Student: 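Supplied in structure tokens, the structure appears directly below.
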Amino acid sequence: MKTTRIKAGLGGFTLVEIMIVIAIIGLLCAIAIPNYVKARANSQASACVNNLRELANAADQFALEHGKTTGYALNYPDDITPYIKLNSASSIPPCPAGGKYTLQTIGSVPQATCSLGATVTPAHIVQ
């Protein structure tokens with residue numbers, strides 16, 4: 001009966017094979033991470049613009065119900081809180097990128113603005 005002996009050092013991967021695998025993983029990360037960052041920035045900008053539209057609509061609703069005319073300075077956030085859907089913390093949804101919202105007077109364009117505005121790409125501006 002013939003038996004085979006396992007020689008020490010024949011099992012496993014060589015250093016070159018491991019380096020090739022690490023290089024491939026690094027290449028995939030170099031491609032994926034910038035795309036992830038760009039997609040995250042786009043989604044934050046979209047959510048911010050959506051919030052700005054909601055704030056402007058809430059301000060318009062407040063003005064209509066209380067008979068306020070063009071030029072009335074809103075008391076943010078107290079005036080519009082009853083007219084907007086609040087988040088789970090019972091507050092007005094914040095900018096996902098960390099900006100601060102401000103409301104202009106009734107009738108101004110744009111009525112709601114984000115402090116980040118055009119300082120980030122893509123811009124947090126209602127078009």
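Residues take their numbers from the sequence shown, with the count starting at 1. Scope of the values below: all heavy atoms of this structure, side chains included, with no hydrogens, waters or symmetry mates. Nothing here was measured: the structure is a model prediction, and the numbers come from that model.
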Student: Mind checking whether V120 and L52 sit in one hydrophobic cluster, side chains of I, L, V, M, F, W, Y counted as touching below 4.5 Å?
Tutor: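 No; tracing contacts between hydrophobic side chains, which count when under 4.5 Å, never links both residues.
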Student: Are any non-hydrogen side-chain atoms of T14 and E17 less than 4.5 angstrom apart?
Tutor: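 T14 reaches E17 side chain to side chain.
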Student: Hey, does the side chain of E65 reach the backbone of F62 with a donor-acceptor pair shorter than 3.5 angstrom?
Tutor: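 Looks like no, no N/O pair under 3.5 Å.
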Student: Side chains of I125 and V49: closer than 4.5 Å at any heavy-atom pair?
Tutor: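 In short, these two side chains do not touch, never coming nearer than 4.5 Å.
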Student: CD1/I106 to OG1/T70 distance, rounded to the nearest 0.5 angstrom?
Tutor: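 Between I106 CD1 and T70 OG1, I get 8.0 Å after rounding to 0.5 Å.
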Student: Heavy-atom distance under 4.5 Å between the side chains of C95 and L116, does that happen here?
Tutor: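 A side-chain contact under 4.5 Å exists here.
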Student: In the single-linkage hydrophobic clustering (I, L, V, M, F, W, Y; side-chain heavy atoms under 4.5 Å), do L74 and I84 co-cluster?
Tutor: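 Yes: a chain of side-chain contacts under 4.5 Å links L74 to I84.
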Student: Answer yes if Y83 and L64 sit in the same cluster of Ile, Leu, Val, Met, Phe, Trp and Tyr residues linked by side chain heavy atoms under 4.5 Å apart, and no otherwise.
Tutor: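 Each belongs to a different hydrophobic cluster.
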Student: Any link between Y76 and Y72 through a network of hydrophobic side chains (Ile, Leu, Val, Met, Phe, Trp, Tyr) touching at under 4.5 Å?
Tutor: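 Yes, Y76 and Y72 fall within the same hydrophobic cluster.
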Student: If you define the side chain from C-beta out and look only at heavy atoms, does anything of N51 sit under 4.5 Å from Y101?
Tutor: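 Contact flag for N51/Y101 side chains = yes.
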Student: Transitively linked via ILVMFWY side-chain contacts under 4.5 Å: F13 with I22?
Tutor: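 Cluster IDs for F13 and I22 match.
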Student: When you measure from the side chain of S115 to the backbone N and O of K100, does any donor-acceptor pair fall under 3.5 Å?
Tutor: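 Checking the backbone N and O of K100 against the side chain of S115, a donor-acceptor pair under 3.5 Å is found.
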Student: Donor-acceptor pair, distance only, cut-off 3.5 Å: does the side chain of T81 make one with the backbone of P77?
Tutor: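 Yes; at least one donor-acceptor contact below 3.5 Å.
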Student: Has the side chain of N50 got a donor or acceptor atom that lies under 3.5 Å from a matching backbone atom of S46?
Tutor: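 Flag not set: sc N50 to bb S46 has no pair under 3.5 Å.
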Student: Calculate, to the nearest 0.5 Å, the distance between atoms CZ and CD belonging to R53 and Q127 respectively.
Tutor: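 Taking CZ in R53 and CD in Q127, the distance rounds to 8.5 Å.
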Student: Regarding S91 and N87, do their side chains bring together a donor and an acceptor under 3.5 Å, going by distance alone?
Tutor: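 Per modelled atom types, S91 and N87 side chains form a pair under 3.5 Å.
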Student: Starting at CD of Q111, measure out to CD1 of I80 and round the result to the nearest 0.5 Å.
Tutor: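 Rounded to the nearest 0.5 Å, the CD-CD1 separation comes out at 9.0 Å.
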